[in-house]
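Please read all numbers here as calculations on a predicted model, not as lab measurements.
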Amino acid sequence: MITLDGRSLSPTQVAAVARGAERVSLGSEARSRLQQARSVVDRLVSADEVVYGLTTGVGALKNTRIAAGDSRQLQRNLLMSHAVGVGPPLPEELVRAGILVRVNQFCQGSSGVSPRVAERLVDLLNHDICPWVPQKGSLGASGDLAPSAHVGLVLIGEGEVFSGGERKPAGAALRSAGLEAIEPGPKDALSILNGTHFMAGAASLVLEDARRLLLTADLVAALSVEALRGSRTAFDPRIHALRPHPGQVASAARIFALTEGSGIAESHRIDNRVQDAYSLRCAAQVHGACADAIDYLRRVLDVELNAGTDNPLVLAADDLVVSGGNFHGEPLAIALDTAGIALSELGSISERRLFRMLTSFLSELPPFLTRHSGLDSGYMLLQYTAAALATDNQLLATPASVHSLPTSADQEDHNSMGWHSAERARQISVNVESILALEALGAAQGIDLLSPLQPARLTGKAHAAIRELVPTLDHDRALYPEIESVVSLIRSGRLAAIAAASTGGS
């Protein structure tokens with residue numbers, strides 16, 4: 001059970017709820033903060049004071065007064081009018097992540113949302129009722145408006161959900177779970193809509209995946225260093241101490257430790273090789289720079305997951321409601337674009353190592369890693385797929401945050417496009433899983449072709465994990481099921497765990 005307090009939610013917890021069976025509750029202090037902020041909202045509405053989104057319209061309609069008797073209808077109308085998403089539905093894990101982050105941001109105590117709204121959103125998570133949310137529609141500025149509206153519809157018994165593996169009307173799914181639809185009060189719909197929760201939820205999943213991929217990339221690079229009979233010297237800690245970027249130092253230490261005791265490395269310790277190609281020799285510098293870029297996303301999320309991103313914000317201690325721009329997604333958009341660039345580079349250098357292994361005059365291995373080249377094509381086409389994915393990543397890594405289109409009659413004249421950044425970073429991450437799987441297949445085959453020379457203990461452990469799923473390639477066969485198997489191995493975190501254990505950390 002994860003207890004939300006508005007102050008300590010982590011990306012790891014977001015992933016546990018979004019992807020697993022972890023259940024959620026509201027902390028007692030969070031409940032108290034929710035009620036205190038709500039009391040301020042109720043007082044202002046009762047006094048018929050002019051407050052944006054409570055007694056006025058929204059966006060360019062900010063100067064239109066709303067009668068006190070229409071305040072509830074305003075909130076319902078906001079959910080209905082903003083539910084304009086299009087395209088295929090988002091994966092359930094993204095919707096669950098967005099809901100969790102939104103509730104935790106409520107718990108910070110600056111939203112003014114009704115406590116029952118927070119409670120019902122928690123009910124959706126705990127009853128495995130996932131709102132049907134179309135993929136397209138958010139600009140990442142006035143909150144993730146369109147996707148959030150589709151979530152809000154479910155609370156009032158409208159819209160659709162996924163429940164029990166089926167797409168159902170929301171009202172029927174709520175009744176089946178013994179839950180009642182709610183009637184939104186003043187500020188409720190606006191609180192559901194305004195916020196960075198979908199971007200932050202998606203970013204949390206990207207961060208968790210990126211951490212795993214960074215570790216996996218170090219391990220796969222170590223396998224390739226052995227398959228290509230590269231030198232461990234490039235990863236000597238004394239080199240990296242002279243340029244101590246944190247990610248670089250950590251990556252070099254892992255690759256150095258992973259190849260410790262390698263019989264393959266020892267066999268050519270004294271030869272006429274001066275230095276290896278960049279994709280081997282500079283692996284720690286590239287992987288490390290990627291790791292440091294991903295750490296920027298972590299620092300942003302440390303703030304964002306536990307932030308007040310509503311508008312207007314309730315300052316309960318001052319008995320005041322103020323308008324601002326904390327819903328703007330620029331901090332996340334830039335961090336997600338940076339993460340996408342970093343992940344793209346992780347895949348780019350991986351594809352280069354695979355190319356070298358398949359090219360006999362570069363690798364000193366049989367052409368395309370097969371002893372029967374000509375009759376057999378071996379692993380020739382692995383690099384085609386890797387090149388296609390690397391190109392896809394290079395296109396996706398073009399920053400979305402540098403773009404903007406105005407909305408709402410130019411009242412909202414600068415949008416972050418942070419949701420586009422999140423979607424792109426997520427797809428790049430998926431592509432990199434496959435690129436690393438392709439490199440791992442090539443490296444494992446290269447190590448087999450060097451027999452009887454043996455890899456290091458830890459790279460040997462990784463090699464064995466691959467061979468549990470995929471046998472050595474003796475003659476051509478259909479490779480796509482084997483690629484899928486190694487992708488699943490990478491996704492399981494098993495290879496990342498070997499890398500993490502090599503230096504006793506993560």
Side-chain angles (χ1 to χ4, degrees), residues 1-18 20 22-42 53-54 75 94-127 129 131 143-144 147-148 151-152 154-155 179 182 184-205 300-322 324 326-327 329 331-332:
M1 179 71 72
I2 291 175
T3 300
L4 300 180
D5 59 12
R7 296 175 177 174
S8 62
L9 184 66
S10 70
T12 301
Q13 290 175 318
V14 173
V17 173
E22 197 75 32
R23 292 303 182 242
V24 182
S25 66
L26 298 175
S28 57
E29 291 187 8
R31 289 179 182 275
S32 177
R33 287 194 293 272
L34 282 166
Q35 189 56 58
Q36 289 171 6
R38 184 63 192 184
S39 296
V40 176
V41 169
D42 290 339
L54 276 67
Q75 299 302 307
L94 282 183
V95 179
R96 289 176 60 83
I99 292 173
L100 179 72
V101 174
R102 176 76 292 201
V103 175
N104 191 65
Q105 290 176 338
F106 287 162
C107 291
Q108 197 233 28
S110 59
S111 173
V113 70
S114 300
R116 62 181 175 170
V117 170
E119 291 165 356
R120 184 63 79 245
L121 288 171
V122 168
D123 288 335
L124 295 184
L125 294 172
N126 289 340
H127 285 83
I129 298 172
D144 292 302
S148 301
V151 172
V154 173
L155 298 184
L179 301 173
I182 64 174
K187 186 68 165 61
D188 286 347
L190 200 57
S191 294
I192 292 167
L193 298 174
N194 263 326
T196 60
H197 41 289
F198 267 94
M199 287 176 282
S204 295
L205 300 184
V300 170
L301 284 171
D302 283 347
V303 174
E304 199 73 13
L305 293 178
N306 302 284
T309 64
D310 213 324
N311 185 56
L313 290 165
V314 178
L315 307 179
D318 299 320
D319 196 31
L320 185 65
V321 175
V322 294
N326 278 3
F327 50 69
L332 283 163

S.K.: Would you compute the distance between atom CG of N194 and atom CG of D144 and round it to the nearest 0.5 angstrom?
M.R.: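 Result: 10.0 Å between the selected atoms.
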S.K.: Using 0.5 Å steps for rounding, measure from the CZ atom of F198 to the CG atom of L332.
M.R.: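 Taking CZ in F198 and CG in L332, the distance rounds to 14.0 Å.
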S.K.: So do L190 and P312 actually touch side chain to side chain, heavy atoms under 4.5 Å?
M.R.: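 Answer yes - side chains close enough.
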S.K.: After noting the C-alpha distance and the side-chain angles of N311 and N326, does the key distance pass the side-chain hydrogen bond (donor to acceptor under 3.5 Å, both in side chains) rule?
M.R.: CA-CA 7 Å; N311 185 56; N326 278 3; over 6 Å; no
S.K.: Side chain of Q108, backbone of A307: donor and acceptor closer than 3.5 Å?
M.R.: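 Side chain of Q108 to backbone of A307, a donor-acceptor pair under 3.5 Å: no, none is there.
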S.K.: To the closest 0.5 Å, what do you measure between CG (L320) and CG (L315)?
M.R.: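 These two atoms lie 5.5 Å from each other.
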S.K.: Of all the heavy-atom pairs spanning D5 and R7, show the shortest one and how long it is.
M.R.: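 That closest heavy-atom pairing would be OD1-N, 2.8 Å.
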S.K.: Kindly compute the distance separating CG (L121) from CG (N126), expressed to the nearest 0.5 Å.
M.R.: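 Here the rounded value is 11.0 Å.
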S.K.: Please find the pair of heavy atoms, one from L34 and one from A118, that lie closest to each other, and give the distance.
M.R.: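 Closest pair (atom of L34, atom of A118, distance): CD1-CB, 4.0 Å.
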S.K.: What distance do N306 atom CG and S10 atom OG have between them, rounded to the nearest 0.5 Å?
M.R.: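 Here the rounded value is 9.0 Å.
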S.K.: Side chains of P184 and V117: closer than 4.5 Å at any heavy-atom pair?
M.R.: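 Sidechains of V117 and P184: no contact.
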S.K.: Please tell me if the side chains of V113 and D310 come closer than 4.5 Å, counting only heavy atoms from C-beta onward.
M.R.: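 Of all side-chain heavy-atom pairs linking D310 with V113, none is under 4.5 Å.
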S.K.: Answer yes or no: is there a side-chain heavy-atom contact under 4.5 Å between K187 and S111?
M.R.: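 When only atoms from C-beta onward are counted, S111 and K187 do touch, with a gap below 4.5 Å.
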S.K.: Output yes when a side-chain donor or acceptor of R31 lies under 3.5 Å from a complementary backbone atom of P115, and no otherwise.
M.R.: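 A pair under 3.5 Å: no.
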S.K.: Nearest 0.5 Å please: distance from the CG atom of L9 over to the SG atom of C107.
M.R.: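 Atom-to-atom, L9:CG and C107:SG are 9.5 Å apart.
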S.K.: After noting the C-alpha distance and the side-chain angles of R116 and R120, does the key distance pass the side chain to side chain contact (heavy atoms under 4.5 Å, CB included) rule?
M.R.: CA-CA 6 Å; R116 62 181 175 170; R120 184 63 79 245; over 6 Å; no
S.K.: Report yes if some heavy atom in the side chain of I129 is under 4.5 Å from a heavy atom in the side chain of L179; otherwise report no.
M.R.: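 Answer yes - side chains close enough.
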S.K.: In the structure I gave you, are the side-chain heavy atoms of E119 and S114 within less than 4.5 Å of one another anywhere?
M.R.: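 Result no, sub-4.5 Å side-chain heavy-atom pair not found.
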S.K.: Flag the pair I99 / V95 as yes when at least one side-chain heavy-atom distance between them is below 4.5 Å, and no otherwise.
M.R.: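 I99 reaches V95 side chain to side chain.
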S.K.: Considering only NZ, NE, NH1 and NH2 on the basic side and carboxylate oxygens on the acidic side, decide whether D188 and R38 come within less than 4.0 Å.
M.R.: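 Salt bridge between D188 and R38, a charged N being under 4.0 Å from a carboxylate O: yes.
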S.K.: If you look at every heavy atom in V14 and A97, which pair is closest and at what distance?
M.R.: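 Taking V14 first and A97 second, the nearest heavy atoms are CG1-CB, 3.7 Å.
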S.K.: Compare every heavy atom of A16 with every heavy atom of I2, then report the nearest pair and how far apart it is.
M.R.: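 The pair with the smallest heavy-atom distance is CD1-CB, 4.5 Å.
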S.K.: Evaluate the side-chain proximity of T3 to S25: yes if any heavy-atom separation is below 4.5 Å, no if none is.
M.R.: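 S25 reaches T3 side chain to side chain.
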S.K.: Return the minimal non-hydrogen interatomic distance between L301 and A200, and the atom names on each side.
M.R.: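 Minimum heavy-atom separation between L301 and A200: CD2-O, 3.7 Å.
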S.K.: Just checking E29: does its CD atom have more than 12 heavy atoms from other residues, nucleotides or ligands closer to it than 6.0 angstrom?
M.R.: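 Incorrect, the count does not exceed 12.
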S.K.: Kindly say whether E304 contributes a backbone atom to a donor-acceptor pair with the side chain of Q105 at under 3.5 angstrom?
M.R.: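 Yes: the side chain of Q105 pairs with the backbone of E304.
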S.K.: Quiz question: by atom type and distance under 3.5 Å, do the side chains of T309 and R102 form a donor-acceptor pair?
M.R.: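 The criterion, which ignores hydrogens and geometry beyond distance, is satisfied for R102 and T309.
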S.K.: What are the two closest non-hydrogen atoms of P131 and L124, and how far apart are they?
M.R.: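 Where P131 meets L124 most closely, the heavy atoms are CG-CD1, 4.1 Å.
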S.K.: Side chain to side chain contact (heavy atoms under 4.5 Å, CB included) for V24 and V17? Distances and angles first, verdict last.
M.R.: CA-CA 8 Å; V24 182; V17 173; 3.8 Å; yes
